[in-house]
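Reviewing the structure listed below.
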Amino acid sequence: MAVPKLATLKPFYLLDPAALTVSPFEAASPRTAAAIAPTVEVDGLRPLDLITLGSVAVNPNGARIGKGAGYSDIEFALLTEAGLVTPETVVITTVHPLQVIESPIPTTEHDVGVDLIVTPDEIITCPTPHRPAGVDWSALTTEKIAAIPALMARHTS
């Protein structure tokens, strides 16, 4: 699980089911994760089979709108560059049916698309969701890089 706003040099919480002192449901809470889980760098994680992204809106092609800050896209890019996200990694979002829109959603090269949209009523398979190859440095401002220690470390090395 990502640390909010990727605000530490070790930007992920390691929630290892074998080491949890609480139920996985409880551990998924950001507050609980911060209290019980160690933070790790990207290389402290294992390959991911499934990623769940939050969405404000999504269309049947898998294009999504998040909260607008781009943190999910950066998390995904860091994990992709580390080889932890592969073409076999399934990316889903869970939304209310009203959040599934038919309108096109403008996307850029760094935006992550979803494979599946899960609503209480159905599961929608998206035909060809976009997957960025890694961090799109050209899309990041100097301020954004400076605010995310893991990016700053990669940018200056």
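The first residue in the sequence is number 1, and the count goes up from there.
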Problem - Short side-chain to backbone donor-acceptor contact, Glu26 and Thr32, under 3.5 Å - result: no
Exercise for the section: Check step by step if side-chain contact (heavy atoms from CB on, under 4.5 Å) holds for Val135 and Ile74. Expected result: CA-CA 7 Å; Val135 176; Ile74 294 168; 5.6 Å; no
Practice task
Could you note down all residue pairs passing ring-ring contact (aromatic ring centres under 6.0 Å, His included) where residues 125-149 supplies at least one of them, sequence neighbours left out?
Solution key: Trp137-His155
Practice task
Considering non-hydrogen atoms only, spot the tightest contact between Glu81 and Ala133 and give its length.
Solution key: CG-O, 4.3 Å
Problem - From CA spacing to verdict: side-chain contact (heavy atoms from CB on, under 4.5 Å), Arg46, Asp16 - result: CA-CA 10 Å; Arg46 291 177 274 185; Asp16 181 351; 3.7 Å; yes
Problem - Spatial distance of atom OG1 (Thr80) from atom CD1 (Ile51) [nearest 0.5 Å] - result: 7.0 Å
Fill in the blank from the handout: Under a side-chain separation threshold of 4.5 Å, the hydrophobic residues clustered together with Leu20 are Met1, Val3, Tyr13, Leu15, Val22, Ile36
Handout entry: Rounded distance (nearest 0.5 Å) linking atom CZ of Phe12 with atom CG of Leu78
Key = 6.0 Å
Exercise for the section: Answer with yes or no whether the hydrophobic clustering places Ile92 together with Tyr71; edges join I, L, V, M, F, W, Y residues whose side-chain heavy atoms lie under 4.5 Å apart. Expected result: no
Problem - Other residues, nucleotides, ligands: >12 heavy atoms within 6.0 Å of Lys144 NZ - result: yes
Exercise for the section: Decide yes or no for Asn61 and Thr128: does some side-chain heavy atom of the first lie under 4.5 Å from some side-chain heavy atom of the second? Expected result: no
Practice task
Starting at CD of Glu143, measure out to CG of Leu140 and round the result to the nearest 0.5 Å.
Solution key: 11.0 Å
Practice task
Supply the atom-to-atom distance Thr142 OG1 to Met152 CE, rounded to the nearest 0.5 angstrom.
Solution key: 8.5 Å
Completion exercise
Output for pair (Leu53 CG, Thr94 OG1), nearest 0.5 Å, gives 10.0 Å
Practice task
Give the minimum heavy-atom separation between Thr107 and Ala63, together with the two atoms involved.
Solution key: CG2-CB, 3.8 Å
Exercise for the section: Return yes if some donor-acceptor pair links the side-chain N/O of Thr39 with the main-chain N/O of Pro11 below 3.5 Å, else return no. Expected result: no
Exercise for the section: Consider only side-chain heavy atoms of I, L, V, M, F, W and Y, link residues closer than 4.5 Å, and tell whether Ile65 and Val100 are in one cluster. Expected result: no
Handout entry: Contact summary for Thr93 and Val95, nearest pair of heavy atoms
Key = OG1-CG1, 3.9 Å
Problem - Asn59 (side chain) donor-acceptor with Pro104 (main chain) under 3.5 angstrom - result: no
Handout entry: Closest heavy-atom pair and its distance - Ser55, Gln99
Key = O-NE2, 3.1 Å
Acceptor/donor pairs from residues 111-127 side chains to any protein atom, 3.5 angstrom cut, sequence neighbours excluded:
unit_1	atom_1	unit_2	atom_2	d
Asp111	OD2	Thr108	N	2.6
Asp111	OD2	Thr108	OG1	3.1
Asp115	OD1	Arg131	NH2	3.1
Asp115	OD2	Val91	N	2.7
Asp115	OD2	Arg131	NH2	2.2
Thr119	OG1	Asp121	N	3.0
Thr119	OG1	Glu122	N	3.0
Thr119	OG1	Glu122	O	3.3

Handout entry: Sidechain-backbone polar pair: Arg64 side chain, Ile105 backbone, donor-acceptor under 3.5 Å
Key = no
Practice task
Could you grab the distance from atom NE2 of His110 to atom OG of Ser72, nearest 0.5 Å is fine?
Solution key: 10.5 Å
Practice task
Any chance you could lay out the side-chain contact (heavy atoms from CB on, under 4.5 Å) test for Asp49 and Val90, step after step, and finish with the verdict?
Solution key: CA-CA 6 Å; Asp49 298 321; Val90 177; over 6 Å; no
